[in-house]
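Chain letters run A, B, ... following the sequence lines, proteins first, then strands; residues in each count from 1.
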2 protein chains.
Amino acid sequence: MLNYSTSEENYIKAIFHLQRQDGTVTTNELANELKTKPASVTDMMKKLKVKKLLNYQPYQGFRLTNEGNKVALGIIRRHRLWEYFLAEKLKFSWDEVHEVAEDLEHVSNKKLIDKLDEFLGFPRTDPHGDPIPDANGRIEMSKKICLTEMELNTIAIVSSVSDQSSEILELLEHKKIAIGTKLEVKKKFDFDNSMEVKIGRQPAFTISNQLAENIFVLSN
Amino acid sequence: MLNYSTSEENYIKAIFHLQRQDGTVTTNELANELKTKPASVTDMMKKLKVKKLLNYQPYQGFRLTNEGNKVALGIIRRHRLWEYFLAEKLKFSWDEVHEVAEDLEHVSNKKLIDKLDEFLGFPRTDPHGDPIPDANGRIEMSKKICLTEMELNTIAIVSSVSDQSSEILELLEHKKIAIGTKLEVKKKFDFDNSMEVKIGRQPAFTISNQLAENIFVLSN
DNA sequence: AAATAATTTTAGACAAAACTAAAAAAATAA
DNA sequence: TTATTTTTTTAGTTTTGTCTAAAATTATTT
């Protein structure tokens, strides 16, 4: 695996994330995401095309090649492992880790990252609940879905909460729901869209639709 | 404290280290140290002078200002803390840490470094025995001297060994001398320049001149 | 002290990554 | 289907950090 500049890595990562949503990524989307100008994006797209990291025909938008995706997963692996380290070992709070990891992720020494992974105990998700690719770039492709979309009697892991207000956190704490908690939906009520869920062998309890809409889970 | 580019930081660090030996640093010395060309050095010296990090008159060599020294100590602090982390936590070997720390040292988030320091338990020296500056840039200015230069009845900490052959390591292990060991010189013999040293309360033992010349210590 | 050698600086170029302004292409509206 | 708007690309600069080749300065010899 070759080495890429910080700037190239930032473009690759941004394309990877935007690809998840749409199929293909446009110049303006990317310029907006990276807070740069469309002309700069076009310049970089030409460079990355030459390096065979993305497919790109003028005016047609772009998407990463297989090689490009591999590179992106490497960057994301580094980013999320550092986030985990910062939160778990250095006691950074939930919302501070991203910014610092943005810098650390560009130190691309494979041995460093694999040893860090081992030191941390091979964590499966970062502090935001997003999955961490393994040393081979494999990632749990369990897409993040809203708790409201889960099928009955399937188990999913709570991965993130979109609203971060203290009110919702109080409620989640009371119901013993945290990131990493395994939830099973037992019933859904059409009247108010509330649902009954279970954690492990404990008795099922009720979650309102407002709450469920703010909980996202990884379902295999 | 402002932010400096990776390149600027590498120059500042190199000047700091070269200054220790001579008083002032020359263009060629620096070009050689950084594996770059003299013309590039001159260009950078002009930039660093404008930023008031060094004193420099054409053809007269250069040395860091107080501000420049502060910046250098910040970089060295980061470098050595990461080295300690790599060796102690990630189980990198003694001779692998430097290269990786060369990259990590340029991530200059103060909170990150101070929390890392705390996580590591405020180590006083890196894995090579070199002192780590504290959060205020203070460093144990105990200069590294050769064991042969130590005065009688003073205590010093073994900080490094210049020869790294397995023969010397075998001998050091046998005599229970390691980095961090506190040594006190009790006698010196002019005949063969051998010396008698003590570790703690144990009985004094003899060290040959050849061995002493390869042991460096931090004497307060 | 003049000549030669070594060191250092200047001048001019180049590559990477960004920008602005203008041109070209695609999408949308009339 | 034209006309207009939006998006994207091109062309030409800028900044940072590097380089080579040549000029200037300092150091060393004879």
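When rounded to the nearest whole Å, the span between NZ of B/K49 and C1' of C/dT9 equals 13 Å. Residue B/E29 contributes atom CD, which lies 11 Å from atom P of C/dT7 at whole-angstrom precision. Look at CZ on A/F62: it is 9 Å from C1' on D/dT8, rounded to the nearest Å. Between B/K51 atom NZ and D/dT15 atom P the separation is 13 Å, expressed in whole Å. In this structure, A/M44 places its CE atom 16 Å from C1' of D/dT9, rounding to the nearest Å. Computed from coordinates, the B/N10 CG to D/dT16 C1' distance equals 14 Å when rounded to whole Å. At whole-Å resolution of the value, CE in B/M45 and C1' in C/dT9 are 13 Å apart. Between the OH atom of A/Y56 and the C1' atom of D/dT10 there is a distance of 10 Å, given to the nearest Å.
Comparing C/dA26, D/dC19, C/dT9 against the side chain of A/Q60 picks out C/dA26 as the nearest. Candidate nucleotides D/dT8, D/dT26, C/dT8 were compared by shortest atom distance to the side chain of A/T42, and D/dT8 ranks first. Of the candidate nucleotides D/dT18, C/dA25, C/dT10, D/dT18 has the atom nearest to the side chain of B/S7. The side chain of B/Y11 approaches D/dT18 more closely than any other nucleotide in the set D/dT18, C/dT7, C/dA18. Side-chain atoms of B/K37 lie closest to D/dC19 of the nucleotides C/dA18, D/dC19, D/dT8. Side-chain proximity of A/N28 to the nucleotides C/dA18, D/dC19, D/dT7 is greatest for D/dT7.
Between the side chains of B/T6 and B/E9, no donor N or O sits under 3.5 Å from an acceptor N or O.
In summary, of the residues considered (A/R78, A/R77, A/H79), a side-chain contact (heavy atoms from CB on, under 4.5 Å) with A/L81 occurs for A/R77 alone.
The side-chain tip of A/K89 points at the ring of A/F119 from less than 6.0 angstrom away and within 45° of straight on. For the pair A/K115 and B/F92, the cation sits on the ring face: its NZ or CZ lies under 6.0 Å from the ring centre, inside 45° of the axis.
Nucleic acid contact class of B/P38 (heavy atoms, under 4.0 Å, all strands): base. Residue-level contact check: B/T27 touches the backbone only, with heavy atoms under 4.0 Å from sugar-phosphate atoms and none from bases.
Of the residues near DNA chain C, A/Y59 and A/D43, the one whose nearest nucleotide (by heavy atom distance) lies more toward the 5' end is A/D43. Both A/A39 and A/S5 sit near DNA chain C, but only A/S5 has its closest nucleotide nearer the 5' end.
For the OP1/OP2 pair of C/dC19 and a distance below 4.0 Å, the side-chain nitrogens and oxygens of A/S40 include at least one atom meeting the criterion. Of the side-chain N and O atoms in B/K46, none sit less than 4.0 angstrom from OP1 or OP2 of C/dT9.
A/A212 and A/I207 get closest at one heavy-atom pair: N-CG2, 3.7 Å.
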